[in-house]
2 protein chains.
Amino acid sequence: MYVQDNATARQLLRSFMQFDRAEWHKRSIEGCKPSEIKVLLCIKRNVAPPTQEMKVSEISRLLHVTSPMVTQLLKRLEADGLVERHSDPSDRRTVGIKLTEKGDLIATKAAEAFFASLHGLIEYLGEEQSQQLAELLISVSTYFNGKEAALQHTYWSGSEEA
Amino acid sequence: MYVQDNATARQLLRSFMQFDRAEWHKRSIEGCKPSEIKVLLCIKRNVAPPTQEMKVSEISRLLHVTSPMVTQLLKRLEADGLVERHSDPSDRRTVGIKLTEKGDLIATKAAEAFFASLHGLIEYLGEEQSQQLAELLISVSTYFNGKEAALQHTYWSGSEEA
DNA sequence: ATAATTAATTTGGTAACCTAATTATATCTA
DNA sequence: TAGATATAATTAGGTTACCAAATTAATTAT
């Protein structure tokens, strides 16, 4: 059984392993660790216009990490002067989180670096193949993580959660 | 600049993030952690016929992890009775590593689980798309990690290192 | 015979996550 | 409206998967 497919399965597995080791998001930028950069970008891309602030729970949901993890990351970012926390007067359990000027600058630089790298990739693969790749990877995520996962948005998606 | 491509770049980034979170190799099997399973499979797939043994340095090279890491993993696997170490009499600095019967059994089970999951994926995506995906991911790795990376084999590749 | 090299190991980190328990506040209910 | 319940964030402590530097032991090269 599966004799014919074995070659494809092995190729796939090998390609997954290699992609896993690929350094597309493992670099520190301006002294920020990858996980910290993700938080900065998440805030930059998802703040609501009136206050320009986000809640811990929103970041947690968008990045798919627990709120204790978000708290820890924010603690470091605050110590580095990249975000500010203000206790929300309308619900004092929550905290409004906002990028500082410095934090915004680093987020911008990080986004530029990410997109420059991606544009290089798109040039390398070609527009059409790049789009196909994105579609295929979403299908793979759907297959492995169940349908919900593929519908969830990450921090760089401009659109809102369903 | 890059205005047209921005949508593609964002889609790509989102697909990468989602794939990153996909649980295709994050499961423990039979009490073995993912990293331990990788070592077991690496040994099973790459042992040389005469002795059925491997060296730490070979595992390290094939899995792209440092030898101290391999040593640590082997220590746990040995404690669980899944591998055996024999000091090689022809070069007593090195150690021959071999799966025990129990280790071989778990490696077999792990491989079966991996491939069952992959065959499901191939069915889901279709044979042709699966192959295209594998090729695209290898291209992406080449782009991000440099040409050498794409030529290196992982533990499931039946073929030998170049 | 000594120096240099190599293989594996020990030691002591780090990054990125997690769960459980705690604290403070808000909301619901009797 | 007082007490019970729920929710947001944090603190505390643990895990996995890695790494670099130093060490030990054995081999090879001068």
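Naming: A, B, ... by sequence-line order, numbering from 1 per chain.
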Provide, to the nearest angstrom, the distance between the CD atom belonging to B:Q72 and the C1' atom belonging to C:dT9. 10 Å
Min side-chain heavy-atom separation B:L99-B:I106 under 4.5 Å: no
Could you check how far CG of B:D20 sits from C1' of C:dA16, rounded to whole Å? 12 Å
So what does A:S57 hit on the nucleic acid, given a heavy-atom distance under 4.0 Å: a base, only sugar-phosphate, or nothing? sugar-phosphate
Length of the NZ-C1' vector between A:K26 and D:dC19, whole Å: 14 Å
So, does A:R85 get its side chain near the phosphate of D:dA8, meaning an N or O under 4.0 Å from OP1 or OP2? no
Mapping A:P68 and A:D91 to their closest nucleotides on DNA chain D, which lands nearer the 5' end? A:D91
Between P on C:dT14 and CD on A:E36, what's the gap in Å once rounded to a whole number? 14 Å
D:dA17 P sits how many Å from B:K75 NZ, rounded? 16 Å
If we only count heavy atoms from C-beta on, is the B:L118 to B:F115 side-chain gap below 4.5 Å? yes
So, do A:V39 and A:V70 sit near enough that their side-chain heavy atoms are less than 4.5 Å apart? no
How is B:T94 classified with respect to the nucleic acid when contacts are heavy atoms under 4.0 Å: base, sugar-phosphate, or nothing? sugar-phosphate
Out of C:dA26, D:dT16, D:dC18, minimum distance to the side chain of B:M69 belongs to D:dC18
Quick one: on DNA chain C, does A:P34 or A:R92 contact a more 5' nucleotide (nearest heavy atom)? A:P34
Rounded distance in Å - CZ (B:R93) to C1' (D:dT27): 4 Å
So what does A:S35 touch, heavy atoms closer than 4.0 Å: a base, only the sugar-phosphate, or nothing? sugar-phosphate
B:E84 and B:T100: side-chain donor and acceptor closer than 3.5 Å? no
Could you identify the nucleotide paired to D:dT30, looking across every strand shown and requiring Watson-Crick or G-U wobble geometry with both distances under 3.5 Å? C:dA1
For A:K55 and D:dT10, what is the distance between atoms NZ and C1' respectively, to the nearest whole Å? 16 Å
Without decimals, in angstroms, what is the distance between B:K38 NZ and D:dA17 P? 8 Å
Taking the side chain as C-beta and beyond, is there a heavy-atom pair between A:H25 and B:L13 under 4.5 Å? no
Check the phosphate of D:dT15 against B:R76, side-chain N and O only, distance under 4.0 Å to OP1 or OP2. Yes or no? no
Mind checking B:T71 for me? I need base, sugar-phosphate or nothing, with any heavy atom below 4.0 Å counting as a touch. base
